[in-house]
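What follows is a short report on a single structure.
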Amino acid sequence: MAKQTPMMKQYLNIKKSYKDAFLFFRLGDFYELFFEDAIQAARELEITLTKRDSNSPNPVPMCGVPYHSAENYIKILIEKGYKVAICEQVEDPKTAKGVVKREVIQLITPGTVMEKAMLNEKENNYIASLSHFDSSYVIVYSDLSTGENQLALIEHGWDGVIHELYNQPIKEIVVSSKLPEELQKQLKSRLHVTLSYQDEVTFNAEYRSLCENIDDERLLTAFSRILNYVQHTQKRSLDHMQQAQVIALQHHLSLDMYSKRNLELTETLMKKEKYGSLLWVLDKTVTAMGSRMLKKWLERPLLNAQEIEKRLQIVEGFYAQFMERDAIRETLKSVYDLERLAGRIAFGNVNARDLQQLKSSLQRIPVLKQLLQQFSQPELYKLADQLYIEPKIIDILEASIVDDPPISIKEGGIIKDGYNEQLDTYRDASRNGKQWIAELEQKEKQATGIKSLKIGYNRVFGYYIEVTKANLHLLPEGRYERKQTLTNAERYITPELKEKEQLILEAEEKSVELEYQLFIGIREQIKVFIPELQRLAEQVSYVDVLQGFATVSESNNYVRPTFDKQKLEIKQSRHPVIEQVMDDGTFVPNDITLDAQNHILLITGPNMSGKSTYMRQLALTVIMGQIGCFVPCESAQLLIFDQIFTRIGAADDLVAGQSTFMVEMLEANHAITNATEQSLILFDEIGRGTSTYDGMALAQAIIEYIHNHIQAKTLFSTHYHELTDLANTLSHLKNVHVRAEEHEGNVVFLHQIKEGPADESYGIHVAKLANLPNSLITRASEILKELEGNMEAKSEVKVKAEQAASVEGTGQLSFFTEEEKLVSKHKSQYEKVVQELKDIDLFALTPLEAMNMLYQLQKKARK
Ligand code: ADP
Ligand code: MG
């Protein structure tokens, strides 16, 4: 490589420490990128790739973005999961000797962004850390934008880790560089997060106040990993970090990865959108903080009956008083995101407008309190009691910040008159100076008789007196000093004017500088109250989520559930999401009962009749109940479930390289190994991904296993009719079916759940509804008849064989051994299949017919 310039040497030196980030290297008004960074950034950002020293034999690839619009480019890179190191000039270029000193002042990573534009306001932005100990893992979630820290100890091995992390809004995970490659790969591919490394995990005494409540060494080590990482990379105050909360996973309804995904709690399976998820239906919160809290609740429903009842009680209170609730919603509309405001105050990136918003939000709190006191529900009154805001914060802001400040904090105009004496003096000086100039203008107009004479200002020449050319003859020679000539005017100055100008500019410059200093001071004063603000944010979010529950419960006709230890009984249950997307009143409600006597429901019925819907609506109802929301039905007596397991739908986990059937079996295994008597299992058409007998055998064995060993409440839907016979042998299994009626050769779905097994499979009718060609449908009907014929014939053969066997048993001589009999049977079968194969006229067949034929042949060959 050619000899490096000193600046390039400096670049390479800095880049060494930031290998996994784009290094934004400040050069004048641009951030420049070089080498590989430049090539990749040019591609990702769609900007032009150029060369530095293009005449040299080895020109360096280079691209750049203007300093003032850098934020947009950084945002793009961060959203794609990259990191960006911001390298600034840290000394004044004018006074620097040699190359200007440069340093990385911040490493922006997906998990550490604080800029409003890069955050989704309705979602947390977690950076997580993962630490491995002998038989356990610890996960730490931190949200730098809100200051939250949560710790979870996972005892169930690696699987437990993935299930826990799945679906959390994590952007980045900090791990040890020694975490096995394979596990690192899984984190990346399954969770789509940026990986970062931090090996230094010694506990820094500075962190003590954040974890006084913790003494488990593992938790402390894990917490240190993330704090060390953040401190090393962010180089900023972390004053708003809140005390770590240990999430007691055993106190929450546990939803494994499959259930979170299959039940579409916060996003839909296919499109990954909020629209169509349970969150979409339930989110009637007004504030972004409330929306974030709701999402967290959905991920971790409660187990404690008392806590659930407390929430329900509050919802009932809100439900009962519509007018007051509406007033609360109105009030909440003017409460800004206190949590993130607090975060930005600590980080030092709030402006005067943010503080103004903080003030107006805080001023709404007493109103909120008063409104809460108007409810007759005592629980709501208690909430009001707790709602407290330190009046001093409002006082500080009220005294200092003007009502409508500009965005910039460096150009003045943000501090109120009367807040600071010195500032007032500067402002007076500037105002007086301006006043003097206005008077001068009047005076000179009169003295010269030039009516259009005016005094103006521009940045280059400062204040000047302007006289149009037409009036020049009126101006006495030598009255002013000429400064500038325009096409139709002359501009002049006087020594007096310049003197005043000096005073005004000096006062303005000083006042702008002072305003900035004062602003920083105010920010520091408010910083002291960050814990107060965070507590308040939590209380406001709590009110917001629960008023939201009441609002949605009222508009969608939900009822308050009760809880029981033995029996679950839901009358006229509905699916909360599907009923919303269907026309009013078209969703058919159904009852669901599960108790110790009948803990497995085997659901049969044609395709498209509503089996999956019925199962999901139970799970969603259970979750809604356990987060403290009313539920979609006429009445509900629920059980408190400890875990929900699902096997629903055929979503291939292709990213992780697993086929549908494998996923199916993994999900089934996960349920069977972890479920307890208090769990809810939903198995939807399990065994479908493999051949008929295989699948049926597995399905039956799984049901028997649950029935005999786990006794979890289970809904099991199947298209294998044969399984309905299980009710004869398994005493706690009950058959139900979804009713469908045949009407003039078409099937009519009634979506009604009835007791007993279904009598027919209506697959072909569904195909007809899907508009498959008539000839194909007819052919399928024929094949079905044939197959059914075969089955009957087969059972006749079986009966005859049995009769024969019993005859043999009576002493008649048999000419063949059992083995020989089998061989000869296979042989004739083999010959038959070969003959049929030979007879096929391939070119007379459609592909579908060929498939059918092949199916038949294979079946015969396997007999
Ligand atoms: P299955 O699992 O039996 O194949 P689904 O549960 O997927 O059937 O339901 C198929 C469609 O039938 C749903 O998308 C929905 O539109 C409709 N459906 C299901 N249950 C009901 C119901 N209770 N009331 C009205 N429509 C329903
Ligand atoms: Mg289904």
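Whatever order the structure lists ligands and atoms in, that order sets their numbers, starting from 1.
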- Message: Is S612 close enough to the Mg ion (ligand 2) that one of its N, O or S atoms comes in under 2.8 Å?
- Response: yes

- Task: May I ask whether atom 14 (O) of ligand 1 is less than 4.0 Å from at least one protein heavy atom?
- Result: no

- Message: Under a 4.0 Å threshold between the charged nitrogen and the carboxylate oxygen, would R560 count as salt-bridged to E316?
- Response: yes

- Message: Taking the six-membered ring for Trp, are F587 and H751 closer than 6.0 Å centroid to centroid?
- Response: no

- Task: Would you please say whether a donor-acceptor pair under 3.5 Å links the side chains of T724 and N735?
- Result: no

- Item | Side chain, backbone, both or neither: P606 near ligand 1, heavy atoms under 4.0 Å | backbone

- Hey, is T586 touching ligand 1 through its side chain, its backbone, both or neither, going by heavy atoms under 4.0 Å? backbone

- Item | For atom 2 (O) of ligand 1, closest protein heavy-atom neighbour | S612 OG, 2.7 Å

- For S609 and ligand 1, answer yes if some heavy atom of the residue is under 4.0 Å from a ligand atom, otherwise no. yes

- Which of these, T613, D684, T604, I603, has its nearest heavy atom closest to atom 5 (P) of ligand 1? T613

- Task: Select one of side chain, backbone, both or neither to describe which atoms of E685 lie under 4.0 Å from any atom of ligand 1, heavy atoms only.
- Result: neither

- Item | Qualifying residue for side-chain contact (heavy atoms from CB on, under 4.5 Å) with K734, from N598, L594, T593 | N598

